[in-house]
S.K.: 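Pasting a structure below so you can have a look.
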Amino acid sequence: MKKIYIIESILQTEINYVHLLKKFNETSLDIFEIFTFDYQPAIQVFIGDMFDDVYNENVDTYENKDASVISKHIFQFDSTLLDEVTLDEMIEVLVELFEVENTSLKHIWNMLN
């Protein structure tokens, strides 16, 4: 599997969450304080610190609804993203994705207790 396809899948997951939660923005709940999803470390397995301090400006899942647009933008900076993912990279991505879910659940649990 190519690295860019994994990046696009992760981005689409984040976009789906963000746009689902955006519906609650007009309520008194600060929904993005309750649900925190930070997929940046999983994507950085492949892109490293490519965007460093301007990651959110380059990978805007709040305004964008199409992961392919973002992945094409990322790809223009690093053509090695067409390379096949290694087993070590896949494991690292899975660890990061687990951490996203684990952190989110811990945050919700702490708010409820």
Side-chain angles (χ1 to χ4, degrees):
M1 179 175 284
K2 296 187 184 309
K3 296 173 185 181
I4 195 71
Y5 297 151
I6 296 171
I7 290 172
E8 194 168 317
S9 295
I10 294 168
L11 288 169
Q12 193 59 57
T13 301
E14 183 173 1
I15 287 169
N16 292 343
Y17 277 131
V18 167
H19 287 278
L20 176 72
L21 296 175
K22 269 175 87 170
K23 297 174 185 173
F24 294 96
N25 262 2
E26 297 173 8
T27 69
S28 60
L29 290 173
D30 189 357
I31 200 71
F32 290 102
E33 283 291 317
I34 299 169
F35 295 98
T36 56
F37 301 100
D38 182 13
Y39 288 92
Q40 182 176 347
I43 293 172
Q44 284 181 317
V45 168
F46 301 117
I47 68 169
D49 60 356
M50 178 189 298
F51 298 128
D52 204 22
D53 294 335
V54 290
Y55 177 85
N56 291 329
E57 290 82 354
N58 283 282
V59 183
D60 183 7
T61 56
Y62 189 81
E63 294 297 326
N64 264 308
K65 292 184 180 179
D66 186 357
S68 66
V69 171
I70 301 170
S71 64
K72 286 176 188 170
H73 174 71
I74 294 170
F75 177 69
Q76 73 182 349
F77 297 100
D78 185 359
S79 62
T80 66
L81 296 175
L82 283 178
D83 293 348
E84 295 291 318
V85 65
T86 66
L87 180 58
D88 288 343
E89 289 169 327
M90 184 57 83
I91 291 170
E92 190 174 349
V93 167
L94 291 173
V95 167
E96 294 297 343
L97 291 175
F98 174 78
E99 190 60 35
V100 169
E101 298 301 321
N102 191 34
T103 302
S104 298
L105 291 174
K106 280 183 185 176
H107 186 74
I108 292 168
W109 178 256
N110 289 337
M111 290 185 69
L112 295 174
N113 291 313

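What's counted below: heavy atoms across the whole structure, side chains too, no hydrogens, waters or symmetry copies.
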S.K.: Nearest 0.5 Å, please: how far is CG in D83 from CE in M1?
M.R.: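 Taking CE in M1 and CG in D83, the distance rounds to 14.5 Å.
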S.K.: Would a single hydrophobic cluster contain both V45 and V95, if residues Ile, Leu, Val, Met, Phe, Trp and Tyr are joined by side-chain heavy-atom contacts under 4.5 Å?
M.R.: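 They do not share one cluster, since no chain of ILVMFWY contacts under 4.5 Å joins V95 to V45.
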S.K.: Output all residues satisfying side-chain contact (heavy atoms from CB on, under 4.5 Å) with Y55, sequence neighbours left out; order by chain, then residue number.
M.R.: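 Residues passing side-chain contact (heavy atoms from CB on, under 4.5 Å) with Y55: Q40, I43, I47, F51, V59.
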S.K.: Just to verify, what does S71 make a side-chain contact (heavy atoms from CB on, under 4.5 Å) with, not counting sequence neighbours?
M.R.: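 Counting only residues at least two positions away or on another chain, S71 forms a side-chain contact (heavy atoms from CB on, under 4.5 Å) with I4, E8, L11, S68.
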S.K.: With salt bridge (charged side-chain N to carboxylate O under 4.0 Å, His left out) as the rule and sequence neighbours excluded, what pairs involving residues 35-52 come up?
M.R.: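 Of all non-adjacent pairs touching residues 35-52, none passes salt bridge (charged side-chain N to carboxylate O under 4.0 Å, His left out).
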S.K.: Taking the side chain as every heavy atom from C-beta outward, state whether F75 and L82 have any atom pair closer than 4.5 Å.
M.R.: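 In short, these two side chains touch, coming nearer than 4.5 Å.
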S.K.: If you take all heavy atoms of N58 and V54, which pair is closest and at what distance?
M.R.: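 Here N58 and V54 meet closest at ND2-O, 2.9 Å.
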S.K.: Can you tell me how far CG of L81 sits from NZ of K3, rounded to the nearest 0.5 angstrom?
M.R.: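 One finds 7.0 Å between NZ of K3 and CG of L81.
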S.K.: Does E99 have any salt bridge (Lys or Arg N to Asp or Glu O under 4.0 Å) partners at least two apart in sequence or in another chain, and if so, which?
M.R.: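 Not a single residue meets the salt bridge (Lys or Arg N to Asp or Glu O under 4.0 Å) criterion with E99.
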S.K.: Check for a donor-acceptor pair, side chain of T13 on one end and backbone N or O of S9 on the other, with a separation under 3.5 Å.
M.R.: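 Indeed, once roles are kept as given, a pair shorter than 3.5 Å links the two residues.
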S.K.: Under a 3.5 Å distance rule, please check whether D60 uses its side chain to pair with a backbone N or O of N56 as donor and acceptor.
M.R.: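 Flag not set: sc D60 to bb N56 has no pair under 3.5 Å.
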S.K.: Specify the closest pair of heavy atoms between M50 and D78, including all atoms of both residues, with the distance to one decimal.
M.R.: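 Scanning both residues completely, I find the closest heavy atoms to be CE-CB, 3.5 Å.
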S.K.: What I'd like to find out is whether the side chain of F46 reaches to under 4.5 Å of the side chain of V93, using heavy atoms alone.
M.R.: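 Heavy-atom side-chain distance check passes, below 4.5 Å.
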S.K.: Side chain of N102, backbone of F98: donor and acceptor closer than 3.5 Å?
M.R.: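 Answer holds: no.
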S.K.: Contact between T86 and E89 at the side-chain level, heavy atoms closer than 4.5 Å - yes or no?
M.R.: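 Yes - at least one pair of side-chain heavy atoms lies under 4.5 Å apart.
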S.K.: My understanding is that only residues two or more places apart in sequence, or in another chain, count here; which of them pass salt bridge (Lys or Arg N to Asp or Glu O under 4.0 Å) with K2?
M.R.: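 Salt bridge (Lys or Arg N to Asp or Glu O under 4.0 Å) check on K2 returns E84.
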S.K.: Do the side chains of Y62 and L21 join up, straight or via other hydrophobic residues, at under 4.5 Å, putting them in one cluster?
M.R.: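 The answer is yes; both residues are in one hydrophobic cluster.
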S.K.: Fit a plane to each ring of Y39 and F37, take the angle between them on a 0 to 90° scale, and name the class: parallel (under 30°), tilted (30 to 60°) or perpendicular (over 60°).
M.R.: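 Rings of Y39 and F37: parallel, as their planes differ by under 30°.
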S.K.: Please report the closest heavy-atom contact between M90 and I6, naming both atoms and the distance.
M.R.: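 M90 and I6 have their closest heavy atoms at CE-CD1, 3.3 Å.
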S.K.: Quick one: does I7's side chain get under 4.5 Å of I70's, heavy atoms only?
M.R.: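 I7 does not reach I70 side chain to side chain.
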S.K.: Of the non-hydrogen atoms in A42 and I10, which two are nearest, and what is the gap between them?
M.R.: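 Here A42 and I10 meet closest at CB-CD1, 4.0 Å.
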S.K.: Which residues pass the side-chain contact (heavy atoms from CB on, under 4.5 Å) test with H19, not counting sequence neighbours?
M.R.: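 Here the qualifying residues are I15, K22, K65.
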S.K.: Would you say I91 and Y5 are hydrophobically clustered, going by side-chain heavy atoms of ILVMFWY under 4.5 Å?
M.R.: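 In one cluster with I91: Y5, no.
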